Amino acid sequence: MVIVQFFPPPLDNSGDPCYWICTPNTMDSDAGVTRHLQSDESTDSTNGSSQLRHRTHPQSTDGAGGDNGAAPLWDSAGRRPRSISKYGSSAKAPDDDNVFYVNDDNYGAFTAGRDYEPIYITHKYTEKEKETLAGFESLDYLPPHSHVYKHWIKRQMVSRLQLDRWLMMGMIGFVIGLMGFFMHQLIEQIVDFKWDTIEDLIDDENMGLAWLFSVGYSVAFVLFSAALVIFWRPSAGGSGVPEVTGFLNGTRIRHIFSIQTMVAKFFSCVAAIGSGMPVGPEGPMIHLGALVGAGVSQFRSETLNFKLPFFERFRNSEDRRNFISAGAAAGVASAFGSPIGGLLFSMEEVSSFWTTTLSWQIFFCCMVSTFTTDLFNSAFEGFRYMGDFGQFKTMRYILFNIDKGVDVNILMFIPTVLLGVLGGGFGAFFTILNLKVQRLRKRILSGMTVKWKQSIVRLAEPAILMVLVATASLFLPDAFSCTQYTCVPPNSTEIREGCINSTTSPYHVDIGAVVPYTCPSGSIYQQNGTWATNGTYSELASLLFGTTEQAVRLLFSRSTHVMFNYGALSVAFVFYYLFTCLACGTALASGILVPMLLIGGIYGRMVGLGMVSLFGVHTDKTSYWKWMDPGAFALIGAASFFGGVTRLTMAVTVIMMELTNDVQVLLPVMVSVMVAKWIGDFFTHPIFHAVLEMKCIPFLESDPRVTIMGKSIKLELYTVKNVMTSPVVTVCERASVQELAAIMLNTCHGGFPVLHIKANGKGRFIGIITRLELMVLLSKEDLFEESDGNGPSDISHDVNWVEFEELLIDKLANPEAKADMLKRYIEEDRYKNKYLDLTYYYNQSAFSIPEQFSLQRTYVLFRTLGLRHLTVVDKHNEVTGIVTRKDLMGFNMVERLSEVMQVELDKLEHGTELQHSDDVGVAGDPDSVVLNSV
C-alpha cells in the first residue's frame, strides 16, 4: 500500500494527521503489477462514473512509493502494524541463496530469457523472483551531501598529494599479495602430498590402497571445505565474483564483507582445490581481495568490536567502494601474476564506476600485490626457505611461461577463427548447463523442510562428486595404452619413437613433466647425439594427476606436437568439462577460471594436432609452416573458452599475455576472444551476470537492452514518466515526530523526498533522506523541538549532536526496541507537538529530473552516477514520482513500455489520432512509439 501525505497534513477529529490510503484494486497478471486508486481519481459510486486508475508499479525498499510485498498499512483487524524490519526491506532477501528456490518457475527448459538468453533478450523473472529482487536494498555511490557531511569533511586532514590514499592502496595490495602467497603454498603442500603418495602406491602395484587413500584423503578435505560454508558462513560459497560485482553495481548483499566470510572463504578454497576437485582459486581470490579492501580501508570491525582512529576520512560509501574495486583487481593480480590484467578485469567486469585517477591508484595496488606474491614465492617453496630471496625465477614468476614462441602466419587465423567459434559455442553451453544444474540443485534443496537433512544433502553432494573425480582420475588412464617418447633425430624431419630429444631439433617430450602411471619407466641412454629410452608414459594420467595448473603447462608447451593424441585429449575434455560444470555451484569456495583455461587448452590442442596430422611436423626455424604448433593453439583455445564464458575481451587478452609471456600470439588471441564473445552472445548472457539473474540480485547493465516482441526498443522515444513510481511518500523539511514515526512503522521504503512547504501549501523538492538516517535521528530525542503551532521554533541547532559517522549504518541494531520507540511516539500525547528539523541531515545534492526526461538518458544518468533514488518533478518542482534501480531493470521496462505501446495500438485500431502526449511518451508522429521505437 501507499500513503500519500498532504502538506500541511489535514487533521481528523482526534487531531491526528490524516493519510490517504491507496488500496490495491486489481492485479494485472500479465504485467505483474498492482493498480492503485489515486487520491484524486477515486470512483463516485453514486453516479456510476467509471474508475480512473493511476498505474503504479510495485516498489522495492529503495522506492518512496508502491509496496511490492511490503507490510500493509492496516492488518486484517483494521489495526496498524507495529513491527519494523532490521534492514527496512519490504521482502526478506534469502539468507542462503544456494537453497532458495521459487515455487512458480513454470518456464520451459529452453524458454528465451531464462537460461537460454541471447544478449539482446531481456531476462524474465517469475512473480516470486520479483519479490525476491525487492528484498535487496540499493546503495548510493556518493555519500549524502548534507550539512553534517560538509561539517565532517572540514575536519578531515587531506594532503595535497593524497599520500594517505596511495598508502592505503599499497597496504591493501600487500595484504592481498601475502594472502595469495599463503594460499598457493598451502594448496601445493596438500596436492603434492596426495599425488606423491598415490604415485608411490602405484609404483608398488597397490592400486586398491591407492584408490582408498585418494578417495579418503580427497573426501576429507572436501567435507571440511563444504562444512565451513554450510554450517558457518553460507556467504563464503562459490567464487564470490557475482556477489562482488552486484555490490559494486549498487546492491547491498549481506555478509559478503565480514571477517567470518573471509576466514571461511580462505580455508574452504584451500581445502577444495587441495582435494583435487577441478576448480581454481582465482574467483575466491577476487572475493578475498574485495574483503581486504572493504576491511583494511575502514580500520574498524563490527565483528571484533574495534574502531581505530586512523584513515577516518575513508569511512564513506564512495571511498569504501573504490577500495573494494582495488582489492578485487589486486586479487586477480596475485592469483594470475597479472597486474595489468587485474586492473582491466576490475574495470571490465567487476566495477561499475571508474575514473582515470582510480585507474592509477588500482594499478599501484595491483603492482604491490603481484610484487608481494612473487617476492615471497621467490624465496619459499612449500614453506621451506630456498635461499633465493628476491630472485624472481621465471617458472615461479610467470604461471605458464612460454620460452619458445612461434611466428604468426596469416594462415594461422583460419584455425584461430574456428577456435573462437568453438570457444563461444562451448562457453555458452557450459553456462546454460551450469545454470540448469544449479536450478535443479536449488529446486531439490528448497523442497526439503527439515534443515539438518538439507545440510546433509549439501554436504554429501561434493563428497560424492569427489569420489567420482578421484575414481575417474585413478582408473581412466588404465583404459589407454602407454605412449612411447618421441623425438626428431639428426638429419631427419620425421618423428621417431624411443627417443627423448635431439641436439639438432627443438622437438621433444619432457620426461620430467609427464606421468608414467603404470607404464614401464625403462632406461635412458645416449646414441649419436640423441637421448634415447625404452620407457613409456601415460597421456591421460599426465592430464588428470596433479593440479589443473600443471595440466595447463603441459598443454601450452611448445615443440611437443604429438605428446598427446586425440583419445586422451577427448576423454580429458569431457572429464574436465563435466566435473567443472557440476562442481561450480556446490557448497565449496571455488572458482573456475583456471579450469576454463584447461578446457579451452584441450580443444585448442586438438585443433593444433589436427593441423599436424594434415600437414606434418615442422620444426625448422626457417620453415613457412612452423606456426603449426599444438601448444600455440592450446593457448589460443584457452583464451577463446575464457572469453566465451565470461565475454571479457581486454582483460582476457592481457591476462593470457601476462600468464604466458608469449606476446607473439597476441593478434590470434584477440581474434579468438572477439569471435568467442560474438558467438556466445547469441546464446547466453555472461556467466557472472547470468548467476546474478538466477540469484535475483538487482543489476544494471552498462547499456539498457529492452526487447518487446523480438524487437529492440528505442528508449529515447520514451520518457521517465513511463516507468516512474507514483504516488510518492514524502516528508517535510521540518516534520512532525508522530508523522515520521507512522511512516517508519507503516512503510518499508528506503528513501523519502524532502519538501519545503511553499506559501500556497504545496511542497517544493529540496532533497532526499534515507530511512536509516531518519531512524537514527528519531532515536535522538534531544533533537526534537517544541512548537506552538505558529511556525518553527527559534532553537538553534547544533550539527554536532548527530555526527556524520552515526548516520552511516546499514542495519538497525535492535529493531524490536526501535519499533517500541516509534509506537511510543505515536501513542503518547507529549510527542504531538514535537518536531524534527531535517535541515542539516537531508541530501541537498539529490538529483531530480523533469517528467519529460528521456528514458534512455535517465538510465545512463542513474547508472553512471550510482544513484539509489532519482526524484521526478513537474515544472513547479513538485514531486510527481520516483525512480529506483528496480524501475530501470529490463523486465520492468518491458512490462511498463508494453502497456504504453498497447494503449497506442488500441487507439490506432479505433481510429483515434494521437497527438503529442507526455503520458505515453510519444515523440511527435502518432506512430512514432509503436512503429519507430523498434
Side-chain angles (χ1 to χ4, degrees), residues 400 402-427 483 485-488 492-497 501 505-510 514 539-540 542-543 551-574 597-644 656 660 662-676 679:
F400 306 123
I402 303 298
D403 54 2
K404 296 177 182 178
V406 296
D407 295 331
V408 175
N409 190 297
I410 191 170
L411 298 177
M412 191 176 187
F413 289 96
I414 298 175
T416 293
V417 172
L418 173 62
L419 287 174
V421 173
L422 292 175
F426 283 137
T483 302
Y485 291 93
T486 55
C487 72
V488 176
S492 175
T493 58
E494 296 183 358
I495 296 176
R496 192 183 77 183
E497 296 181 344
N501 61 41
S505 173
Y507 177 84
H508 71 289
V509 174
D510 190 349
V514 293
E539 296 180 15
L540 190 56
S542 300
L543 293 174
V552 171
R553 289 192 186 98
L554 286 176
L555 293 172
F556 286 2
S557 60
R558 302 297 169 82
S559 299
T560 56
H561 295 63
V562 292
M563 179 189 290
F564 302 105
N565 61 34
Y566 297 105
L569 291 172
S570 299
V571 173
F573 175 79
V574 174
L597 298 180
L598 176 56
I599 293 169
I602 292 174
Y603 69 72
R605 191 163 186 103
M606 292 176 69
V607 170
L609 186 60
M611 303 295 294
V612 171
S613 300
L614 291 173
F615 303 104
V617 176
H618 300 271
T619 58
D620 187 357
K621 296 180 179 179
T622 62
S623 173
Y624 184 81
W625 307 100
K626 189 177 182 295
W627 55 270
M628 293 184 188
D629 193 315
F633 288 106
L635 190 157
I636 299 170
S640 71
F641 191 72
F642 196 165
M656 295 305 299
T660 61
D662 190 5
V663 184
Q664 287 177 283
V665 294
L666 173 61
L667 281 177
V669 165
M670 293 173 66
V671 171
S672 70
V673 168
M674 284 304 306
V675 173
I679 297 298

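Along the sequence shown, the residues carry numbers beginning at 1. From a predicted model like this one, the values you see are computed outputs, not experimental measurements.
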Legend entry - Heavy-atom side-chain contact between Phe426 and Tyr603 under 4.5 Å: yes

Closest non-hydrogen contact found for Leu609 with His561 is CD1-O, 3.6 Å

On a heavy-atom basis, the closest approach of Phe556 and Ala638 is CZ-CB, 3.7 Å

Rounded to the nearest 0.5 Å, the CG atom of Leu540 sits from the OG atom of Ser570 at a distance of 10.5 Å

Rounding to 0.5 Å, atoms CE (Met611) and CD1 (Ile414) come to a distance of 7.5 Å

Can you give each donor-acceptor pair under 3.5 Å made by side-chain atoms of residues 666-673, sequence neighbours left out, with the distance rounded to 0.1 Å?
residue: Ser672; atom: OG; partner: Pro668; partner atom: O; Å: 3.4
residue: Ser672; atom: OG; partner: Val669; partner atom: O; Å: 2.9

The residue among Thr483, Val514, Leu555 that forms side chain to side chain contact (heavy atoms under 4.5 Å, CB included) with Ser542 is Val514

Check the surroundings of atom CD1 in Ile410: do more than 12 heavy atoms from other residues, nucleotides or ligands lie under 6.0 Å from it? no

For Leu598 and Ala551, the nearest pair of non-hydrogen atoms, with its separation, is CD1-CB, 3.7 Å

Less than 4.5 Å apart, side chain to side chain, heavy atoms only: is that true for Glu539 and Val571? no

Rounding to 0.5 Å, atoms CE (Met606) and CZ (Phe573) come to a distance of 8.0 Å

Contacts of Phe564 meeting ring-ring contact (aromatic ring centres under 6.0 Å, His included) (sequence neighbours excluded), chain-then-number -> none

Shortest non-hydrogen pair, Ala676 vs Gly644, comes out as CB-N, 3.9 Å

Heavy-atom nearest pair, Leu554 first then Arg605, reads O-NH1, 3.8 Å

Please list, one pair per line, the donor and acceptor atoms closer than 3.5 Å that link side chains of residues 626-636 to other protein atoms, with sequence neighbours excluded.
residue: Trp627; atom: NE1; partner: Tyr624; partner atom: O; Å: 3.3
residue: Asp629; atom: OD1; partner: Gly631; partner atom: N; Å: 2.9
residue: Asp629; atom: OD2; partner: Ser559; partner atom: N; Å: 3.0

- Item | Heavy-atom side-chain proximity of Arg558 to Asp662 below 4.5 angstrom | yes

Heavy-atom nearest pair, Gly610 first then Tyr566, reads CA-OH, 3.2 Å

One should read off an interatomic distance between Leu419 CG and Met412 CE, to the nearest 0.5 angstrom, of 9.0 Å

#### Entry: Step-by-step side chain to side chain contact (heavy atoms under 4.5 Å, CB included) determination, Leu543 to Leu569
CA-CA 9 Å; Leu543 293 174; Leu569 291 172; 4.1 Å; yes

Contact check, side chains of Val562 and Val509, non-hydrogen atoms, under 4.5 Å: no

Rounded to the nearest 0.5 Å, the CG atom of Leu597 sits from the CD1 atom of Ile602 at a distance of 11.5 Å

